[in-house]
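Report on the following structure.
A quick note: this is a predicted structure, and the numbers were derived from the prediction, not measured. Just so you know, ligand 1 is whichever comes first in the structure, and atom 1 is the first atom listed for that ligand.
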Amino acid sequence: MKKFKAIVLGAGYRGRAYAEYAAINPDKLEIVGVADPVQAETIPAPKYWNDWRDCLNDRPDADIVIISTPDDLHYEPAMAALDAGYHLLLEKPISPTEAESREIIAKALRKKKLVFIGHVLRYSPSFARIKALIDSGEMGEVVSISHQESAGYFKVAHSYVRGIFNNSQKSSPVILAKCSHDFDLFAWWLAGKKCLKVTSFGSLSHFVPENRPQGAAERCSQCPNAIEKLCLWSAKKMYLESTDLHYLFADSTRPAMQKVVAESRFGRCVYCCDNDVPDHQAVLMEFEGGVTVSHMMTGFTNRNMRTTRISCTKGEIFFDGSELHVNIFSGDSAKADVPEELRGGNYSRHGGGDLNLVAAMLRVLESGDEKQICDINRASLQSHVISFAAERSRLAGGVTVHIDD
Ligand SMILES: NC(=O)c1ccc[n+]([C@@H]2O[C@H](COP(=O)([O-])OP(=O)(O)OC[C@H]3O[C@@H](n4cnc5c(N)ncnc54)[C@H](O)[C@@H]3O)[C@@H](O)[C@H]2O)c1
């Protein structure tokens, strides 16, 4: 297999997750440079830049640009990198706006360059097994899908209340930021059927100033003990007493996390942040052939997980968040084991999805198949078109939005 070279723009959580593939598979991928103003050197590479522009201006000798900068910094580097002739591993969302997302894909189609979106769930073993079960035909035709994205009370507070995805003006609507992954799964499982109609409701119900306890400080480190101790979302509990979110930080030593709580955006009271994105949102979709899909995203769950029930004409598939169950109406019921070939070699983030995604991208590039490249580029837009339609529906009070193309 050919060895590919990549540069990374944005060495945060996602940039590091993809770069890990090169560290594990140095014969398949080499990171030849990293651009990041604050933490470039967290990814080993021979060359560093402070900003993505300086990096692309230097035209490094590479095949792939990994774009893992914040949402509002996808469009410019993506367009510049395509113009310079690179393939892209572009983190979702393609862009926070529909027009820019379409422009990026249109340019990639013109230039016959691959834009591989960070839709990691396709590459997690259980969801890949569902795809294989549907494609096998043994379950009959899919009639409906009922899917819940339990976002986890702690993860929602981290990313969508305190974090960089908390404000739709500065990043993306949450239905795009969080749920484009799920819409990508539906479109992939139902390949060949387009989503025709979308309706959505949702709001920011809990993380609002009115719910701030009387006397609570603006930062958890300064909050009176009696209030902080009772607060589920205390930053001291989330980042100092628990290590569950430490994987999101390059430096999670005790002094670094104390600084996070004392000084960073993650130490803020959840009731006085600049957040405006919903903490729960429901979406109903109709695909071609009358297939109905319901998607419920809620931040008020104990675990951060997804559950799915797929009703087919000959049986049901149920994913309970860790195991897959298959019930055939004629009588057989079984746990559906995930075969070795769908597992990939590594069970790291997203159930192995992060590294499997990089491996899948390299396979496509190795094939050099331009038709496949263009098909992938077109398909990646589906999840975004559904997300933008859902947000339009929600903002208009739940009207049905028709998707025409
Ligand atoms: N696929 C997934 O499951 C998934 C999960 C989380 C986030 N994301 C997406 O990945 C992207 C990055 O998210 P993250 O969680 O890694 O954020 P992050 O904050 O950890 O990393 C972003 C990095 O970009 C750097 N950066 C900012 N300006 C830059 C510039 N001008 N040039 C170069 N680098 C710059 C920042 O310093 C930071 O290190 C976002 O678009 C996000 O929506 C995808």
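At a heavy-atom cutoff of 4.0 Å, ligand 1 is contacted by no atom of His119, backbone or side chain. With a heavy-atom cut-off of 4.0 Å, Ile164 touches ligand 1 through its side chain alone. Of all the heavy atoms of His74, the ones lying under 4.0 Å from any atom of ligand 1 belong exclusively to the side chain.
For His246 and Tyr239, the side-chain atoms include no donor-acceptor pair closer than 3.5 Å. Between the side chains of Thr307 and Asp320, not a single donor N or O lies within less than 3.5 Å of an accepting N or O.
Taking every non-hydrogen atom of Gly118 and a distance limit under 4.0 Å, the qualifying atoms of ligand 1 come out as 1 (N). Distances below 4.0 Å separate heavy atoms of Asp71 from the following atoms of ligand 1: 40 (C), 41 (O), 42 (C), 43 (O). Ligand-side atoms of ligand 1 in range of Gln39: 38 (C), 39 (O), range being under 4.0 angstrom from any heavy atom. Heavy-atom contacts of Gly10 reach the following atoms of ligand 1: 23 (C), 24 (O), 25 (C), 34 (N) (cutoff under 4.0 Å). Residue Val38 approaches ligand 1 through these ligand atoms, each under 4.0 Å from one of its heavy atoms: 37 (O). The Leu73 neighbourhood of ligand 1 comprises atoms 28 (N), 29 (C), 30 (C), 31 (N), with distances under 4.0 Å to a heavy atom of that residue. When each atom of ligand 1 is checked for a heavy atom of Ala35 under 4.0 Å away, the hits are 33 (C), 34 (N). Using a 4.0 Å cut-off to heavy atoms of Asp51, the atoms of ligand 1 that qualify are 30 (C), 31 (N), 32 (N).
Ion pair Lys155/Asp244 not flagged as a salt bridge, since none of the NZ, NE, NH1 or NH2 atoms sits closer than 4.0 Å to an Asp/Glu carboxylate oxygen. Looking at Lys107 and Glu103, no side-chain N of the basic residue comes within less than 4.0 Å of a carboxylate O on the acidic one, giving no salt bridge. With salt bridges taken as basic N to acidic carboxylate O contacts below 4.0 Å, one links Glu149 and Arg306.
At least one heavy atom of His181 sits less than 4.0 Å from an atom of ligand 1. Ligand 1 does not have Trp49 within reach: every non-hydrogen atom of the residue lies 4.0 Å or more from it.
Counting heavy atoms only, Pro70 comes closest to atom 24 (O) of ligand 1 of the residues Ala40, Cys55, Pro70. With distances taken over non-hydrogen atoms, the option nearest atom 26 (N) of ligand 1 out of Ser159, Ser172, Pro37, Ser171 is Pro37.
Cation-pi check for Arg16 over Tyr13 is not met; the charged atom does not lie both under 6.0 angstrom from the ring centroid and within 45 degrees of its normal.
A donor-acceptor pair under 3.5 Å links the side-chain atoms of Asn25 to the main chain of Tyr21, judged by distance alone.
Rounding to the nearest 0.5 Å places CD1 of Ile117 at 9.0 Å from CG of Leu114.
When the shell of 6.0 Å around CG of Asn302 is examined, it contains 12 or fewer heavy atoms from other residues, nucleotides or ligands.
Close placement of the Trp233 and Phe207 rings is indicated, their centers lying within 6.0 Å of each other.
At least one N or O atom of Glu91 sits closer than 3.5 Å to an N or O atom of ligand 1.
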